[in-house]
Amino acid sequence: MKLIPSVARKNGYETVLSLDSLQDVLLSIRSDFAFDTEVSGRHPFVDTIVGISLSNEENKGYYIPFGHAAPETQNQIKKDAALNALSILFENGSIAKIGHNLKYDLMMLRHEGMTVKGTLYDTMLASYLLNPNKPSHSLQDVSFEHLSYRKRTFQEVLGKRASFAEVSIEEATAYAAEDAALAFELKELLFEKIKDEGMEKLYLDIEMPLIRVLMDVEEAGFKVDDIRLHDMSKELARELDAIQRRIYFLAGEEFNINSPKQLSRVLFHTLGLKPGKKTKTGFSTEVGVLEDLAESHDLPKEILDYRSLSKLKSTYTDVLPYLINPQTGRIHTSFNQTVTATGRLSSSDPNLQNIPIRGEWGRRIREAFIAEDGSVLISADYSQIELRILACLSNDQGLIDAFFSGIDVHTRTASEIFSVSMEMVTQEMRRTAKTVNFGVIYGISPFGLSEALNIPKEDAKKYIDGYFQGHPGVKTYIERALKDARQRGYVTTLFGRKRPVPEITSSNANTRSLGERLAINSPIQGTAADIIKIAMIALWKSLREEKLKTRIILQVHDELVLESPTDEFKKITEMIRKEMEGAVDMAVPLQVEIGHGRNWAEAHG
DNA sequence: GCCGTCACG
DNA sequence: ACGTACGTGACGGCA
C-alpha cells in the first residue's frame, strides 16, 4: 500500500519568500497546475487569504505566504505583490486550473479581485461523479481512498489557534503545499477514471462549467424584506400563544408541545388516544398520525396548527433577517454540488430551496423575497419535467403522445385507471391520478400509494394495475432499471451520471425494496438535475454574451429564479424560454412556465 | 450528536 | 410476515 504520495516522497515542499523566487516559480509553471488558497477562517465573506500553494507536474509543492501573523510578518511577500505576480498564471486562459473544491478558492480569489480563467478540473467533483453515495468528498477522504494517503486535517493543523494566520510558515508550507500537490496527483488519477466510466462530457461540459455559474448565483444573493419578516414573527408569536392556551386546556395540563416525547405521553397516556405507527424511540406523533387522531379528539388539530406555525417561525421568519449580509443587504446561500446521490444540487446556510410556498403563511413568507428597486423577479419552472423524462426514458407511447398533444397527463392517467372517458374525469379522480403518477416516479407499491391516498391497499393495487395496463413502456423501463442495478450495480441518467445501488443485493428485504425504488427513481430525478444544470450554463452564457444585467439568483430543482432590471425584462423572457426548453434534445418537448412580479410569490403565479 | 419532525422539489 | 413512497437541510428536544 502506498502511504506517501509521490510528491512528498520526491521533493518535499518549498516556501516562496521573495518576489524574485516567486517569479522563478511562475516561469517554471508552463502548463496545468493545482492550487489551494489558505484562508484565515472558513467563511468566504468574512475571511481573507493568508497564502496560496501551487503544484505542477514536476511534483513540486510551493507555498506563498503573505498573511501570516507576527513574528513572521517580515518573512513574507506583500499580498498585493504576490497576487499581482500570480495573476500571470491565474488569468492565463490556456493554462488549466486544478483544485479541490474550486468554487471556494475561486470565490476567495474573486474577493481579492482575481479572475481565474481557463479550464477547471475539480477533484472534489471528480470524486463525487465517481461515487455520489459517499458521505464526504473532503480532500482528506478522497486522498485516503484513492492514494491511500493519510492527510492531516485543517483542524489538526489549526490546533487551538484562532486562525490559520497564526500557523507558522514552516508548518503552513508542509500543509498547504501538500494540499496542492495532492490535488494535482488526484486529478491525473481521477480524470482517467472519469473517462473510463464514460463521464468525461458530464464532468467537462456540465459539472466544471457549473462551478462558475454557481459562484455568480451565490454572489448575487436574494433580497429579503427583513421588516416584514420581523412583523410576521411577532404575529406568529401571538397566534402560537393563543393555540398554546387551547392546547393546555384540552390536555388538562401544561407541557412542552415541541417535545415529541412529552406530546406522546399526553396523547397516548393522559388522554388515552390510540397510538398509530411507532418510531425507534416510541409512538409517532407525525402529521399523518395526528390527522387520523383528529377524528376522535380536538387536541390533535390544535397540535397540527401549532406545529406548522412554529416551524415557519423558528426556521424562517425568526432566522432569515439575521442572515442578511451587511455588505450586500442580501441573503447568500451556498450551493452544494457534491451532496446528493442523484445529481441534484443542495442549498444550505441558509437552505433557500425549501422556502415555504403552501398556505397563507407560505405565500406571505415568499412575499418577503423581493426584487431590488427597478428590477423584477422572474420565476421559470419546468412543467412536469420528471414525467416528461419518464416518457423519454421509457419510450412509452401513451406518455409521449400526451406530451406532444398537450393534453393533461393526470387527466389522461385518471381516464385510464378509472376506465372512463377524459370528459368524465372528476377533480377527485384527477387528484388520485396525479398521486399515482408521482408514485410511479418514486417506485410505486400498493402500500405506499394506499398511505398517500388514505385508501385500502386493494384499491391502490387496482389503480397500479390499471396504470401499467395502459403503459407497457413504463413497465419495461422499470424492468430494465432493476436489471441494470442488479447486473451492473448502478443505474445511469440520460447524460451518463451514475448512481451505485448496493442496496439492491441486500439480504434484508426492506433494504432490497429500497434499492429497487432507488433504481427506478434515480435515473429520472438525476436526468432532471442534468437538464436544469445544462440550462443554467446555457442561460448564464447567453446573459453574459448579450451583456445583460439580469442575474440567475436561485435554483430550486425544477425552477430558476432571476432578477431582471425592468428595461431588460421584456426581451429576457424569450431568452429564458429558449435556453431552458432547448437545453437538451429529447423525445418529448420540455415546457417552461414563466411568471414575474415584485416578489417571489407574485412571480410564481 | 442523534432523533423526530417538517419545510421544499 | 414485514413495512417502504424519491431527494434534501434546519430546528428543538434530549441524552
Side-chain angles (χ1 to χ4, degrees), chain A residues 132-133 255-264 277-290 303-304 306-320 323 333-336 338-359 361-362 365-366 381-386 389-390 435-453 457 460 464 481 491 499 501 503 508-526 528-529 532 554-560 600 604:
Chain A
N133 287 333
F255 64 101
N256 188 340
I257 306 166
N258 291 319
S259 163
K261 194 182 168 192
Q262 292 184 40
L263 176 61
S264 176
K277 65 178 185 183
K278 278 193 268 191
T279 67
K280 285 180 197 167
T281 54
F283 295 122
S284 172
T285 66
E286 59 151 45
V287 56
V289 173
L290 294 180
I303 302 286
L304 285 168
Y306 185 92
R307 282 248 179 96
S308 60
L309 296 190
S310 173
K311 179 81 173 185
L312 299 184
K313 182 171 183 291
S314 66
T315 309
Y316 305 101
T317 62
D318 280 353
V319 181
L320 290 173
L323 299 177
T333 186
S334 294
F335 282 103
N336 313 304
T338 60
V339 168
T340 73
T342 55
R344 273 187 176 183
L345 299 175
S346 85
S347 155
S348 62
D349 312 299
N351 182 354
L352 292 187
Q353 288 182 324
N354 72 346
I355 300 302
I357 186 170
R358 294 156 199 165
W361 282 98
I365 290 173
R366 289 219 171 187
D381 65 280
Y382 281 111
S383 168
Q384 293 165 331
I385 188 163
E386 294 198 342
I389 290 164
L390 176 64
T435 308
V436 171
N437 279 331
F438 266 108
V440 172
I441 288 165
Y442 291 152
I444 204 163
S445 74
F447 189 91
L449 186 62
S450 71
E451 284 282 296
L453 286 172
K457 217 166 67 181
I464 295 170
V491 290
R499 176 180 187 175
V501 191
E503 295 88 350
N508 179 309
N510 286 331
T511 306
R512 212 162 50 238
S513 307
L514 172 65
E516 291 167 4
R517 295 194 297 273
L518 298 179
I520 295 163
N521 174 265
S522 299
I524 302 170
Q525 191 182 115
I532 197 166
L554 196 62
Q555 187 251 48
V556 193
H557 310 307
D558 63 357
E559 172 191 13
L560 295 181
W600 196 3
H604 214 285

| request: Keeping the roles fixed (side chain from S450(A), backbone from A460(A)), state whether a donor-acceptor pair exists under 3.5 Å. | output: no

| message | What is the separation between atom CD1 on I389(A) and atom P on dG9(B), rounded to the nearest whole Å? | response | 17 Å

| query | What are the two closest heavy atoms between H604(A) and R366(A), and how far apart are they? | reply | CD2-NH1, 3.9 Å

| query | Looking for any heavy atom pair under 4.0 Å, which part of the strands does A528(A) touch: base, sugar-phosphate only, or nothing? | reply | nothing

| Heavy-atom closest pair, residues S348(A) and T333(A) | O-OG1, 3.2 Å

| field | Residue T281(A), side-chain atoms from C-beta onward, closest of dG4(B), dG9(B), dC11(C) | value | dG4(B)

| Expressed as a whole number of Å, how far does the P atom of dT5(B) sit from that of dA5(C)? | 13 Å

| dC6(B) versus dA1(C) - spacing of their P atoms, nearest Å | 32 Å

| message | Can you identify which nucleotide, out of dG7(C), dA5(C), dG4(B), has its nearest atom closest to the L518(A) side chain? | response | dG7(C)

| field | Integer-rounded Å distance: dG4(B) P and L290(A) CG | value | 15 Å

| query | Where is the tightest heavy-atom contact between E559(A) and I532(A), given as atom of each residue plus distance? | reply | N-CD1, 3.7 Å

| Closest approach of S347(A) to Q353(A) (non-hydrogen atoms, all atoms of both residues) | N-OE1, 3.3 Å

| request: Quick one: label Q262(A) by what it contacts on the DNA or RNA (base, sugar-phosphate, nothing), any heavy atom closer than 4.0 Å. | output: sugar-phosphate

| query | Are any side-chain N or O atoms of Q262(A) and backbone N or O atoms of I257(A), one a donor and one an acceptor, separated by less than 3.5 Å? | reply | no

| Separation of E503(A) atom CD from dC6(C) atom P, in whole Å? | 11 Å

| Given dG9(B), dA7(B), dT8(C), which nucleotide is nearest the side-chain atoms of D558(A)? | dG9(B)

| OP1 or OP2 of dC3(B) less than 4.0 angstrom from a side-chain nitrogen or oxygen of T279(A), does that happen here? | no

| task | Round to the nearest Å and state the distance from Q353(A) atom CD to dC8(B) atom P. | result | 13 Å

| query | Does N256(A) make a side-chain N or O approach to OP1 or OP2 of dG13(C) shorter than 4.0 Å? | reply | yes

| task | Indicate, with a heavy-atom threshold strictly under 4.0 Å, whether K277(A) touches base, sugar-phosphate, or nothing. | result | nothing

| Side-chain N or O of N336(A) closer than 4.0 Å to phosphate OP1/OP2 of dG9(C) | yes

| Among dG12(C), dG9(C), dC6(B), the one nearest E286(A) by side-chain distance | dC6(B)

| message | Any donor-acceptor pair, under 3.5 Å, between the side chain of K311(A) and the base of dC6(B), if you only look at N and O atoms? | response | yes

| Sugar-phosphate, base or nothing in reach of F438(A), heavy atoms under 4.0 Å | nothing

| query | Taking atom P of dA5(C) as reference, at what distance in whole Å does atom CD of E386(A) sit? | reply | 18 Å

| message | Applying a 4.0 Å non-hydrogen cut-off, can you work out what I524(A) is touching in the nucleic acid: base, sugar-phosphate, or nothing? | response | nothing

| Contact class for G443(A) (heavy atom, under 4.0 Å): base, sugar-phosphate, or nothing? | nothing

| dT4(C) base / R517(A) side chain donor-acceptor hit below 3.5 Å | yes

| task | Would you mind classifying the nucleic acid contact of S310(A) as base, sugar-phosphate or nothing, using non-hydrogen atoms under 4.0 angstrom? | result | nothing

| query | Using a cut-off of 4.0 Å on non-hydrogen atoms, how would the nucleic acid contact of T315(A) be classed: base, sugar-phosphate, or nothing? | reply | sugar-phosphate

| Can a side chain N or O of K313(A) be found less than 4.0 Å away from OP1 or OP2 on dC11(C)? | no

| task | Would you tell me if any nitrogen or oxygen in the side chain of T340(A) comes within less than 4.0 Å of OP1 or OP2 on dG7(C)? | result | no

| query | Just to confirm, is there a sub-4.0 Å distance from OP1 or OP2 of dA7(B) to any side-chain nitrogen or oxygen of R358(A)? | reply | no

| Of the candidate nucleotides dC3(B), dG9(B), dG9(C), which contains the atom at the shortest distance from the side chain of R344(A)? | dG9(B)

| Of all heavy-atom pairs between N521(A) and I441(A), which one has the smallest distance, and what is that distance? | ND2-O, 3.0 Å

| query | dC11(C), dA5(C), dG9(C): which one has an atom nearest the side-chain heavy atoms of S314(A)? | reply | dC11(C)

| 5'-most contact on DNA chain C: S259(A) or S445(A), nearest heavy atom basis? | S445(A)

| request: With heavy atoms under 4.0 Å as the rule, sort I355(A) into base, sugar-phosphate or nothing. | output: sugar-phosphate

| Between R499(A) (side chain) and N133(A) (backbone), is there a donor-acceptor pair under 3.5 Å? | no

| Nearest heavy-atom neighbours spanning I464(A) and L449(A) | CG1-CD2, 3.8 Å

| task | Round to the nearest Å and state the distance from I464(A) atom CD1 to dT4(C) atom P. | result | 17 Å

| With a non-hydrogen cut-off below 4.0 angstrom, is T333(A) in contact with a base, only sugar-phosphate, or nothing? | nothing

| request: Identify whether any heavy atom of R512(A) sits under 4.0 Å from a base atom; if not, whether one sits that close to sugar-phosphate; answer base, sugar-phosphate or nothing. | output: nothing

| Nearest-neighbour nucleotide for the V556(A) side chain, dG9(B), dG9(C), dA5(C) considered | dG9(B)

| task | May I ask you to say what N351(A) touches in the nucleic acid, namely base, sugar-phosphate or nothing, with a heavy-atom cut-off under 4.0 Å? | result | sugar-phosphate

| message | Taking any heavy-atom pair under 4.0 Å as a contact, classify S522(A): base, sugar-phosphate, or nothing. | response | nothing

| note | Side-chain contact check for R307(A): nearest option of dG7(C), dC14(C), dC6(B) is dC6(B)

| remark: Mate of dG1(B) across any strand shown (Watson-Crick or G-U wobble, both atom pairs under 3.5 Å) is dC14(C)

| note | Of dT4(C), dG12(C), dC14(C), the nucleotide closest to the side chain of F447(A) is dT4(C)

| request: Name the nucleic acid region contacted by A509(A), choosing base, sugar-phosphate or nothing; use a 4.0 angstrom heavy-atom cut-off, strictly under. | output: nothing

| note | Ranking dC6(B), dT5(B), dT8(C) by distance to the side chain of V287(A), first place goes to dC6(B)

| request: Quickly work out the K261(A) NZ to dC3(B) C1' distance and round it to whole Å. | output: 12 Å

| message | Base of dC6(C), side chain of Q525(A) - is there a donor-acceptor contact under 3.5 Å? | response | yes

| said: What is the distance, to the nearest angstrom, from the OH atom on Y306(A) to the C1' atom on dG13(C)? | reply: 13 Å

